[in-house]
Structure formats: structure tokens, C-alpha cells
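Atoms within a ligand are numbered from 1 in the order they appear, just like the ligands themselves.
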Amino acid sequence: MERTERIYMDHAATTPVSEKALAAMLPWFREEFGNPSAIYDYGQTSKNILESCRKRFARCIGALSSEIFFTSGGTESDNWVIRSTLKLKGAKGQHIITTAIEHNAVLRTLSQMEEEGFEVTCLTPDAQGHITPDQLENVIRPDTILITIMLANNVVGTVLDIPALARVAARHHIWFHTDAVQAVGHIPIKVHQLGVDFLSVSAHKFGGPKGTGALYCRLPNHLPALLTGGGQEKEQRSGTENIPGIVGMTAALEEAVEDMPQETGRLIAMRNRIIESLCSIPGVKLTGDPENRLPGFASFMVEGIGHSVYIVNALNEKGICVSSGSACSASSREASHVLLAMGYDAKQAAGALRITLGRDNTKEQVDHLLSVLPDVILRQREAQLHAK
Ligand SMILES: Cc1ncc(COP(=O)(O)O)c(C=O)c1O
């Protein structure tokens, strides 16, 4: 069957803006474009929607509105927590704990901090991508000032046991940050149940616009500003607020939270069909935790194909978008640092395939994927054999 329809199955990379979010955003581009810092009515209308979004956004993650700061996305939120905590607490200690499976927004920022003299301990996960509370406990030092561990991994979809890890941090009075970029809007989140001090959010992973995000801060007045300037966000994050983006992100998050009970079951059923079907092919194995994983997230290691970009390209020709790993590493052929940390070798990691489902995917699209993918894998394996 020739298909012209595009089938998008790379929602961990980014998602389309939802219809509701787009409709909510539109008036804020032209009709109501006032600067929220301006005192005339136009400005105050923007200020009012900004504060109403803060309340609604906070409610979605069980936070207080005073604990929410709007940012330009996950990367900024991660950078802000790390750089500002180290600046604030650097005199008390020089040691930070993270994991080897974090996004580069965390890992590369910490590498820079190492160059400035901070010491970083990078915990190695088990084969499914988990870190245990004992592992964390064992590396805590008197001079540890920050622990940063992600809630859900962007390469294998494993959901980590953050409440247990955050309890360890709390016992030692160490600040705990979680990068929840892949989790917010996909699994239920209540910040107080997680027990974290900081949590990073990115709108474009759950039907909101790109370039918008948030940082939850349990201690809002303690984190020094990363961006200085006009003093917006109570002097803590300068820059004219991205009102359309914030409105879109809030609408998308409310929609995701409201639809989550039905949507989760639907996504899990489709994801499990993909997992069962692909894992019945010899040499195809699931990566990550089979149970504690994001609802729409199917990730595999495919043997004998050389590199999964061949599969991604072959599916692309058939109008199907999937990923060879994470979006950031998709354009390079470098083995994913996440899979290497989980114990795969570079050859195995080269076969990483990630299929991530979202709101617009249908059972029929999954049927179509499964009707073409096994043959694509087979052909690539044959091509590899002939190339040898
Ligand atoms: C786990 C994780 N953290 C951070 C980011 C960066 O977020 P943003 O694209 O909003 O900067 C991403 C995006 O891929 C991610 O998956």
C-alpha cells in the first residue's frame, strides 16, 4: 500500500501543538499583545492572564503559584537550577551528584561546572535505567550541595523512583532537582509526593509550543537569578514574558492532565502491541524498564542492522517518523551515552530505535507501522550481510 499520510511517532522529540493550546494562544499574538509590565489596560490584561496561567499551571502539578517560574524551556530550567545552586552554595560545598543517563542540558552544564572546580559524581544506572536509594546514599558527602536526577529518561522511557531518591536527599538536607521534561503531561505529577525541591518542565513535550517551559522551586526566594535584566518573574527570571507560549503551555498541560486517565490506557495498549510485535523478531530487544516506563514509549535495540539511522531513513521514505535514539543525538552517529551507561556496547547502542506515541496516533497507524517495520529490518540486515 502506498501511503502519503505522514505518521508521526517521535513524540519524545517534540509534539504538535494541540488544537486547544493553539486556539488559546492565538488572541495573545495580535489582539492582546500588551507587555505585562505596562500599567495601562493592555498591559494589565496580559499580566492578568500570566498570573492566571501560573495558578492553573501550578494546580496541574500540585504546586503553589508562588513556586512556579516561567522559562524558555527544559534547557534553561536545568541550567538555572544547576548554575544558581552552585553559585549560592559553592562556599558550603563543591560536590554535586547526578546520573550518567541525564539529558545533555544537565550533563554538559555540569561538565562546565567541573572546569570551574566543582566535583561531580555520576551514578551508573542498572540495565533498565534505575538508580537505587542505596547507590545515592553511598556517594553523599558532607560537601554535597545538589543532587540532580531525571524523572523519566528520554532514550529508554524508564520512570525512575524519584520519591525514594528525594527522601535520601531530604534526610541529608541536600537540595534535589529532577528534570521532568519527559514526564510532565504524560504521567501524574504532584511535586509534594515526589518530594523534590526543583522540577524542570518543557511545553513542547506535551502539546505546548517550543521555547516555553517552567521551573518549580519549593524555596522560591532562594534561587538567584540566572537571567538578569528587567526584573520580571519577581526579579528571578528577567525577560519579557512569552505570553502566547505560557498560555499555550498551560492549556496543553490542563488538557493532558484532564485526558490522562483515558489517554494513558490507549497509549499503553498501542505501545505494548509494538513491543510484543517487534520483540518477537529475533535479535530485537526492549530497552529500559518493561513496567515502569512512559505510556507511549517503545524503545529497542535491533541487532544486525549496522546503524538504526538506516531504519529511520527507510521508514521516513514511507512517511513514518521514528528516532534512532534521542532527538539531540539523532543527527550524529555517536552511540547514546544513556545506552552505554546502561551496559550496552557501542555496536549494540548503534541499533537503538525509539518509537514514541502521542495523542494523534491511532491503532490503524500502529497496524501500518507493524506491517512495514519487520520487512525494513530484514532488508537492512540483508544489506548489512552483503556489505561485509
Ligand atoms: C530529559 C530532557 N531534558 C531536557 C530537554 C531540553 O528541553 P528543551 O527542548 O525544552 O530545552 C529535553 C529535550 O529533549 C529532554 O528530553
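Near Gly73, meaning under 4.0 Å from any of its heavy atoms, are these atoms of ligand 1: 10 (O). In summary, the atoms of ligand 1 found under 4.0 Å from a heavy atom of Thr75, numbered by their order in the structure, are 6 (C), 7 (O), 8 (P), 11 (O).
Residue contacts with ligand 1: Ser72 is placed with no nitrogen or oxygen under 3.5 Å of a nitrogen or oxygen of the ligand (distance criterion only). The N/O atoms of Met150, backbone and side chain alike, include none that comes under 3.5 Å of an N/O atom in ligand 1.
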Contacts table for residues 16-25: side-chain donor-acceptor under 3.5 angstrom, sequence neighbours left out:
residue : atom : partner : partner atom : Å
Ser18   : OG   : Ala21   : N            : 3.0
Ser18   : OG   : Glu255  : OE1          : 2.7

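Nearest-residue assignment for atom 14 (O) of ligand 1 (options Lys210, His204, Lys205; heavy-atom criterion): Lys205.
Contact annotation for Asp179 and ligand 1: only side-chain heavy atoms (C-beta onward) come within less than 4.0 Å of the ligand.
Residues forming a ring-ring contact (aromatic ring centres under 6.0 Å, His included) with Tyr310 (at least two apart in sequence, or on another chain): none.
Counted by atom type alone, Lys205 and Thr14 present zero donor-acceptor pairs between their side chains at under 3.5 Å. Looking at Ser299 and Arg293, their side chains do bring a donor and an acceptor atom within 3.5 Å of each other.
In this structure, the side chain of Ser308 engages the main chain of Ala352 through a donor-acceptor pair within 3.5 Å.
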